[in-house]
There are 4 protein chains.
Amino acid sequence: MGRRMQQYRTDLAIECREILDEQEQRQHTGRSRRRGEPDGIQMEKIEYDGGIHVTRIKIATQEAAEKMGKPIGNYITLEADGVLEEEDGIQEKAAKAVAGELGQLLHVDYSLKVLVAGLGNSLVTPDRLGPETAAKVRVTRHLFLIFDADGDEEMSNVSCIIPGVTGSTGMETAEVIKKAAEIVQPDVVIVIDSLAARDIERVSTTIQLTDTGIQPGSGMGNHRNGINEETIGAPVLAIGVPTVIDIKTILREALEENLDSAEAVETYLRDYDRQMIVTSTDIDLLVKDFSDIIAGGINKVLHPGIYS
Amino acid sequence: MGRRMQQYRTDLAIECREILDEQEQRQHTGRSRRRGEPDGIQMEKIEYDGGIHVTRIKIATQEAAEKMGKPIGNYITLEADGVLEEEDGIQEKAAKAVAGELGQLLHVDYSLKVLVAGLGNSLVTPDRLGPETAAKVRVTRHLFLIFDADGDEEMSNVSCIIPGVTGSTGMETAEVIKKAAEIVQPDVVIVIDSLAARDIERVSTTIQLTDTGIQPGSGMGNHRNGINEETIGAPVLAIGVPTVIDIKTILREALEENLDSAEAVETYLRDYDRQMIVTSTDIDLLVKDFSDIIAGGINKVLHPGIYS
Amino acid sequence: MGRRMQQYRTDLAIECREILDEQEQRQHTGRSRRRGEPDGIQMEKIEYDGGIHVTRIKIATQEAAEKMGKPIGNYITLEADGVLEEEDGIQEKAAKAVAGELGQLLHVDYSLKVLVAGLGNSLVTPDRLGPETAAKVRVTRHLFLIFDADGDEEMSNVSCIIPGVTGSTGMETAEVIKKAAEIVQPDVVIVIDSLAARDIERVSTTIQLTDTGIQPGSGMGNHRNGINEETIGAPVLAIGVPTVIDIKTILREALEENLDSAEAVETYLRDYDRQMIVTSTDIDLLVKDFSDIIAGGINKVLHPGIYS
Amino acid sequence: MGRRMQQYRTDLAIECREILDEQEQRQHTGRSRRRGEPDGIQMEKIEYDGGIHVTRIKIATQEAAEKMGKPIGNYITLEADGVLEEEDGIQEKAAKAVAGELGQLLHVDYSLKVLVAGLGNSLVTPDRLGPETAAKVRVTRHLFLIFDADGDEEMSNVSCIIPGVTGSTGMETAEVIKKAAEIVQPDVVIVIDSLAARDIERVSTTIQLTDTGIQPGSGMGNHRNGINEETIGAPVLAIGVPTVIDIKTILREALEENLDSAEAVETYLRDYDRQMIVTSTDIDLLVKDFSDIIAGGINKVLHPGIYS
């Protein structure tokens, strides 16, 4: 079952959920289909002001995790149309929705000590989302250090690291973040990263929040080690935006539509070894707008006294 | 005949030439194949120091131009391996080869008045080649203006424009370059642009020089108007590096290998309308290295007194 | 009289006005001072929401122009504290104030055809204000061209040019803008530039709008030719933010405070020929914030249907 | 004696040495001056190909260290004219000189494990030298990890960190480098930083190498904690280029030339509290060229098999 999940490469839980349905449909053609969610998976949909649709998926059991190909935890998907067209305050509204959902995952009580990590290669446009977002988050730890304080009701204690990519640093991303966390001793680490989606349409509309961190081999940069509580030593929230599609996903779609033999498709793709980046033609604008939205959301949650 | 040329999107004359051969091969299977070049096409191969292979293709007749899907003129392809690995002075050697070939196209006598135009979107990595190269070319026109001179044996009179992309300027690229040429009154315009190739392997090895300018609809930015002597009012040399591949080229290859019906392939591709950028995973390094090489070659030819 | 104006280098009309007062004070010590504005100068102060102080200076006569060392025209100064601290929506409020004042200078009726020009060197932080602001303005001309329209009530027809600096282009800034205006045929050109102030305090608080364009030798880049209706062929509004101080201004202040002989000060400064950039230590943040504010203001005025 | 050293702010040992001479001269006017170097200071001058002058200063005793206002250790100054004019291969020659001197400080035997740290704020032009240089150094640690090796004769084991500035990270620079050193366990750390000079002429000609690391309060970024073997846990070599001048240095010079009372100068400067960046007008070109030279020198020493 989980096999198929690996075939379509996607970092989005909502797409994994859709694929489950497609599989079900194929297997049960002609028969009555199961209603509702599979065992161990909960799904809830709400809408924020501005037509921003939020889908909250909870993977509750190990069995469900295997089905979905994603660890147990919460996955929140925000979908906003019209971001690029800058429709009527859509960015501010999307930032509020990010703040709303992030606030629930973070459980900010009085104030938090947070390390923000912007993952990716700032020299490659679709991989620049993490560094660009992190650069827009308001950093305050050094100010609190002067007053020997830990944060207050208006402002959290925020530090930030842009770890770069292994090819430029010689170090594993997870290692660098772990070391920064040793300095800062954060209550929580927020990592921001570019994701891979199955469907190009998602590349201009979707933000995913999860409390499971980042899986090994996911993200555009293909982190070898996972970035999660186990490897970092503090809880890890991950915020991502799909900016690329796997070339094999595109080929699979084309071949499946045109070939009868599933085996022929698998054989061709198994041997396909060309490495490429596939991204949207307006990726520069997307990275700018989504980094504004996510940084805006983070600033609203962590520094409510300044960003209202 | 020319139909096939449009199927595989490529801006490289050398790939058009290869495709002609493939077609020939298909059509004449079993029969003895024509030797040498088709009528109206001349091809010459030489090698520069450092294992840099140069192929000079001349399209001499209108008939040959139609076959190749490219205007009458000269097309020079430089192929250098090991640029990214920075093998033993390869970049300096490649710059010398660019200078050698460019010098022949330019016919520099005493000195030239040159306008360099760096095309593309500097915010999108594979489209940044033009602006990044142009920024590395030594500009001198303002110095000569002070002395009321036009250039000398050591240094040409060079000006430079980075016209941006229509989405950011609201103006056609060709129009902006034409207006800059009205200011400068150049003997020749050198435009630098990102190209599309058919084969991903070319994306780290190849530079094309041509005296035909840039065709409408070519280049990564898909310029609507051609950039050539007719539209600009001065002879136009174009230097390009393939940095992207058309998604349909990749799909065509996969489908042709797996489908028997050529018609089915055409039908699927005709309806495929998703716009994407497909590029190399080390595109950031490629753009840096190739802009160094091309700017180095231009500086060597135009300013022999400084860059020896 | 105008002599002193040239001594303190400033591009701000409000500082020229202050210097006039200081001179008056010196000359008339002990005597009763003139009340109100000098002949030919009108001044009006208003306040926008958020504590944004606006001073509107009108230089109405040639005599007043000579006194002030600035051409006849309108000069509007916005002063906003707390921009860097991002106090409670201050940036949005400042953008509204820019929109309010700019709207009056522009006389937008139904819609306008506007060319925005971002002046300066994007590689030098304090000179990056123009290019960075221009890049944030919404460009629409190419969209209207498709529909053969000129703009509508919701959106003006906006194009944009980032002309670069003479050292990188070999061309005069005024010449490049004039050529772009020939393409676009704008109702008005808005140029954005970094300015020099006399007082470092102004470098984090002040925006100047004027309908007189840009004077030769002003701006950080020291444009040799003026950028105004005469040189460009269309009315020119200039928006500037002081980002640098002239080193001689700083030395003059120090020497005047410590030396009795005005002549000794003049002699020392006359021979001082070292070229330097003097700027604020948080210039990177200032350029980011003020480019957001000014682009925000421009977008609000020109595209009222989208940015409300 | 050491008092004067603190008056002129400079990070260059060669300027400290010059100031010692000036003091001597003032104190001993009319008397015969001491020949040669003061006790505890050794100085040696050599010249490299291309007219690159090297001054090696050794501070050998604590007493000399106090006189000079710099810790015991070696300070090497390279002076190269014509870098900006790109005279006849000057950059390649300067890179060779850097490699020559750096090689002596490093004692590369077979191969080294090196951590390169690029200090400064990449968004502020004169502070961008460190990050820009570090980005041009060839990183190899991740390659050696794959083969479980430590470096070989042709290539050293190099990793790289760009720690950012405290205002953007919330963390001390020294702390971040120390943590990176814990990951990498380097034989030596090479930090690259922008320096302050006393004399603007030095801002386009000088590179300083030292085996004493970076002092607290030095560098453009004013690091609060020193970066040296004690704080980092590995020997620290520092390479710096003067890119800024302290505003008080400029004022002091002007006032000392014009005022008779040394006390009046001190009083004025003591109360002068305006923070400003003073830099060269062609700082963008300087940072580009000097980062090329220094990275070139580092690559030549550490990777002799590739960069010859």
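Each chain gets a letter, A, B and so on, in the order its sequence line appears, and its residues count up from 1.
- The contact between Ile250(C) and chain D is made by backbone and side chain atoms together, counting heavy-atom distances below 4.5 Å.
- Proximity to chain C is limited to the side chain of Ile245(D), based on heavy atoms less than 4.5 angstrom apart.
- In this structure, Val278(D) and Ile277(C) have side chains that are not in contact, with every pair of non-hydrogen atoms separated by 4.5 Å or more.
- The most heavy-atom pairs under 4.5 Å with chain C, out of Val124(D), Leu269(D), Ile283(D), Val244(D), come from Val124(D).
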Would you list the atom pairs in which one atom of chain C and one of chain D form a donor-acceptor pair under 3.5 Å?
from      : atom 1 : to        : atom 2 : distance (Å)
Asn121(C) : ND2    : Asp284(D) : OD2    : 3.2
Leu123(C) : O      : Thr125(D) : OG1    : 3.0
Thr125(C) : N      : Thr125(D) : OG1    : 2.9
Thr125(C) : OG1    : Leu123(D) : O      : 3.0
Thr125(C) : OG1    : Thr125(D) : N      : 2.9
Thr125(C) : OG1    : Thr125(D) : OG1    : 3.0
Glu253(C) : OE1    : Arg274(D) : NH1    : 3.0
Glu253(C) : OE1    : Arg274(D) : NH2    : 3.3
Arg274(C) : NH1    : Glu253(D) : OE1    : 2.9
Arg274(C) : NH2    : Glu253(D) : OE1    : 3.3
Ile277(C) : N      : Thr279(D) : O      : 2.7
Ile277(C) : O      : Thr279(D) : N      : 2.8
Thr279(C) : N      : Ile277(D) : O      : 2.8
Thr279(C) : O      : Ile277(D) : N      : 2.7
Asp284(C) : OD2    : Asn121(D) : ND2    : 3.1

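- At a threshold of 4.5 Å between non-hydrogen side-chain atoms, the residues Leu255(C) and Leu259(D) do not count as touching.
- Among all heavy-atom pairs drawn from Ala254(D) and Leu251(C), the shortest one is CB-CD2, 3.6 Å.
- Ile200(D) touches chain C through its side chain: at least one heavy atom from C-beta onward sits under 4.5 Å away, while N, CA, C and O do not.
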